[in-house]
Number of protein chains: 2
Amino acid sequence: MSDRSTPLPPGSTIGILGGGQLGRMLSVAASRLGYLTHIYEPGAAPAGQVAHALTQAPYADEAALRAFAADVDVITFEFENVPATALDLLAETVPIRPGLDALAVSQDRLTEKTFLQGLGLATAPFRDVPDLPMLQAALEELGTPAILKTRRLGYDGKGQVRIVDPAEAADAYAAMAGTDAILEGFVAFEREVSVIAARGLSGEVVCFDPGENVHQGGILRTTTIPAELSPALRTDAALLAGRILNALDYVGVLGVELFVTPAGLLVNEIAPRVHNSGHWTQAGCAVDQFEQHIRAVAGLPLGDGKRHVDVVMENLIGDDMDRLPELLAAPDTQIHLYGKAETRPGRKMGHVNRIRR
Amino acid sequence: MSDRSTPLPPGSTIGILGGGQLGRMLSVAASRLGYLTHIYEPGAAPAGQVAHALTQAPYADEAALRAFAADVDVITFEFENVPATALDLLAETVPIRPGLDALAVSQDRLTEKTFLQGLGLATAPFRDVPDLPMLQAALEELGTPAILKTRRLGYDGKGQVRIVDPAEAADAYAAMAGTDAILEGFVAFEREVSVIAARGLSGEVVCFDPGENVHQGGILRTTTIPAELSPALRTDAALLAGRILNALDYVGVLGVELFVTPAGLLVNEIAPRVHNSGHWTQAGCAVDQFEQHIRAVAGLPLGDGKRHVDVVMENLIGDDMDRLPELLAAPDTQIHLYGKAETRPGRKMGHVNRIRR
């Protein structure tokens with residue numbers, strides 16, 4: 001793997017940091033290309049059920065990390081919040097794709113938004129709010145409603161406080177418990193769409209068709225393909241995803257969440273990995289987002305991204321699992337369960353891809 | 001699992017006898033439904049790369065068989081020639097699906113053809129040929145060309161001798177080396193098609209669309225969907241598959257190879273398992289043949305079998321692997337490699353599903 005341009009031959013081992021559903025589906029995709037996978041995960045690891053090897057150890061366990069690095073030919077991740085110390089240690093001996101620079105950008109909302117604006121892309125207005133007076137000043141500038149978000153580690157609506165009245169500033173700031181935060185201004189958007197884009201080792205970029213996302217309680221509920229989007233915005237979406245991938249010298253799949261506004265597209269956030277809103281590709285494309293990511297990481301040519309059928313993806317969250325008998329009996333419905341032992345409220349247990357005729 | 005009507009809950013373990021590519025793809029399909037898999041395989045087991053557990057032991061190892069049985073909730077197989085002693089031992093404690101009666105029918109060409117004719121289905125003319133004089137008499141009755149086939153254990157053209165002239169009888173008989181054999185008369189067929197059909201625990205039958213098969217050197221080369229077949233023959237194919245499944249009280253997926261002749265359909269052979277000619281369903285259907293089999297075996301409702309796109313499946317045999325770079329770069333092409341360590345002539349290394357637009 002020393003030569004960046006050589007594709008990884010079948011029989012090689014791909015290391016995956018994180019053993020949740022994304023790692024699980026990456027592992028299955030890797031197997032289709034003849035690769036073995038080795039999962040590294042500190043906690044419960046349903047991905048290990050379909051992987052060749054599983055290391056269950058903390059990210060601080062240097063011996064485990066070194067043994068993992070020695071067993072794999074390239075490393076990728078399903079999860080952007082792997083501690084930097086672990087990544088730095090692994091990167092000493094094995095290529096990590098996407099690279100750590102790309103990861104660093106998306107790990108911090110302030111860095112990410114600054115990066116996006118630097119590329120000339122529109123984002124929600126935002127302010128760095130290191131203290132309460134700065135938050136109060138930012139609220140005055142951006143107005144309400146606004147959302148206070150942790151700079152790091154937020155996902156699925158966690159680490160966010162909505163501020164409707166400036167008088168709530170102190171409470172909202174206290175809720176951050178000293179965590180670095182940014183304030184985002186309100187965006188009047190018509191809909192949310194996302195683009196799942198990929199960049200190969202040799203720099204080629206391929207986008208899947210944008211999907212339209214509906215959230216509930218901060219968690220993605222459905223993605224519908226195709227999104228209701230004018231041809232011009234469809235082109236814009238692909239172009240801006242390409243600009244982000246190239247600027248990051250990115251290798252792999254990246255999820256770009258976009259707001260559709262009267263003034264055009266606005267980037268909500270980027271995720272340096274396969275993305276929940278790209279699960280529809282399992283039913284709609286010859287090469288799905290998981291295989292696309294593995295192809296990029298392994299230095300193979302990318303799939304063409306073309307869709308041969310329309311799809312609605314619906315997440316199965318918590319008690320949605322009670323609907324399983326009905327979903328199994330529904331026509332044109334593809335079910336993907338994640339092998340998690342316990343159903344909990346708000347927990348993603350699986351998803352279904354419904355083919356639309 | 002004592003109650004035949006209760007679906008296997010997610011988190012249960014499905015035991016799979018055989019660790020080749022079919023077991024591998026069954027294991028991946030099981031994972032989508034939230035099941036764990038345990039592979040039992042005496043030899044090389046690429047299926048183990050995507051399974052939760054792997055037992056590598058001979059079929060004569062009673063202790064290993066008992067440990068395997070104790071770990072799983074239901075047993076199925078990718079391979080119809082598992083020794084009866086092993087199956088009988090396993091069946092003492094765990095349900096095996098499809099059942100051993102169905103298996104016994106398809107393990108012996110003579111039993112199989114007799115069974116099919118008993119159902120009123122057309123087959124190639126055949127004669128039991130326990131000795132050379134019987135073979136000579138059979139050649140006189142059925143004429144030449146004819147094919148001498150071992151009653152058991154033949155696949156991919158192995159264990160077959162074509163007889164063009166009755167004078168070759170003695171040599172052909174000698175080539176069988178004392179193995180029980182049958183003689184099959186020549187069938188002037190227009191094309192070969194196959195139906196992949198499934199029967200659930202509660203008796204429902206679902207067929208995938210018939211595919212058209214092209215063989216080369218006795219090995220399946222391509223399957224094209226849809227097959228060129230009149231609506232009447234299409235209906236006949238589904239009806240006869242259903243008749244076979246019901247007569248066997250079958251649970252799981254069954255492959256039925258058919259010859260299309262001027263007089264209608266003729267059953268060439270049946271395979272009590274997922275079948276190479278059903279691999280196209282991975283690209284063409286919401287629920288593919290592997291998941292369909294797992295659904296049946298687990299007592300879940302079957303998928304609807306509907307096709308949403310046309311597909312050509314092509315096997316990658318031996319040196320076809322040299323074409324991998326070109327195939328990876330081809331549009332609308334889904335690649336499935338089997339994780340086999342060594343490429344050998346005539347060895348199935350993978351397949352591609354090409355979506356036809």
Side-chain angles (χ1 to χ4, degrees), chain A residues 7 9-11 24-25 27-28 30-37 46 48-53 282-288 291 295 300-306 308-311 321 324-326 328-341 343 349-350 352-357, chain B residues 7 9-11 24-25 27-28 30-37 46 48-53 282-288 291 295 300-306 308-311 321 324-326 328-341 343 349-350 352-357:
Chain A
R24 179 178 172 98
M25 292 183 279
S27 184
V28 165
S31 81
R32 287 200 298 268
L33 298 172
Y35 298 125
L36 304 173
T37 56
Q49 297 164 9
V50 285
H52 186 56
Q282 295 171 313
C285 304
V287 172
D288 68 21
E291 181 173 331
R295 282 175 173 236
L300 300 177
L302 299 181
D304 58 38
K306 276 190 286 181
H308 55 258
V309 73
D310 295 347
V311 183
M321 286 294 278
L324 203 50
E326 158 210 334
L328 282 161
D332 277 333
T333 301
Q334 190 177 73
I335 296 179
H336 295 262
L337 301 185
Y338 301 156
K340 296 182 182 177
T343 304
M349 302 301 296
V352 297
N353 288 320
R354 282 200 187 81
I355 289 163
R356 304 166 75 193
R357 287 171 189 267
Chain B
R24 179 177 171 100
M25 292 184 278
S27 184
V28 165
S31 81
R32 286 200 297 268
L33 298 171
Y35 298 125
L36 304 173
T37 56
Q49 297 164 8
V50 285
H52 186 55
Q282 294 172 313
C285 304
V287 173
D288 69 21
E291 181 173 333
R295 282 174 174 237
L300 300 177
L302 299 182
D304 58 38
K306 277 189 284 181
H308 54 259
V309 73
D310 294 347
V311 182
M321 285 295 278
L324 204 50
E326 158 210 335
L328 282 161
D332 277 333
T333 300
Q334 189 177 77
I335 296 179
H336 295 262
L337 301 185
Y338 300 156
K340 295 180 182 178
T343 304
M349 302 300 297
V352 296
N353 287 320
R354 282 201 187 81
I355 289 163
R356 305 166 72 193
R357 286 172 190 265

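We name chains A, B, ... by the order of the sequence lines, and we start the count at 1 in each one.
Evaluation of the ring-ring contact (aromatic ring centres under 6.0 Å, His included) rule for H308(B) yields H308(A) as partners, not counting sequence neighbours. Every residue meeting the ring-ring contact (aromatic ring centres under 6.0 Å, His included) condition with H336(B), not counting sequence neighbours, appears here in chain and number order: H351(B).
When each of V287(A), L302(A), L33(A) is tested with L328(B) by the rule side-chain contact (heavy atoms from CB on, under 4.5 Å), just one qualifies, namely L33(A).
Contacts between P331(B) and chain A at a heavy-atom distance below 4.5 Å involve backbone atoms as well as side-chain atoms. Looking at T333(B), only its backbone comes within 4.5 Å of chain A, counting heavy atoms on both sides. The contact between I335(B) and chain A is made by backbone and side chain atoms together, counting heavy-atom distances below 4.5 Å.
Counting heavy-atom pairs under 4.5 Å between each of K340(B), Q49(B), H52(B) and chain A puts Q49(B) at the top. With chain A as partner, the option from K306(B), M321(B), R354(B), E291(B) having the largest number of non-hydrogen pairs under 4.5 angstrom is K306(B). Contact tally against chain A (heavy-atom pairs below 4.5 Å) for A330(B), A53(B), G34(B): the top residue is G34(B). Ranked by heavy-atom pairs under 4.5 Å with chain A, the first of R32(B), Q282(B), R295(B) is R32(B). When G11(A), A283(A), A51(A), A30(A) are compared by the number of non-hydrogen pairs under 4.5 Å with chain B, A51(A) comes out ahead. Your options are G339(B), G350(B), A329(B), and the one with the most heavy-atom pairs under 4.5 Å with chain A is A329(B).
A heavy-atom distance below 4.5 Å is not found between the side chains of V28(B) and V50(A).
Nearest heavy atom pair, residue P301(B) against residue P325(A), reads CG-O, 4.5 Å.
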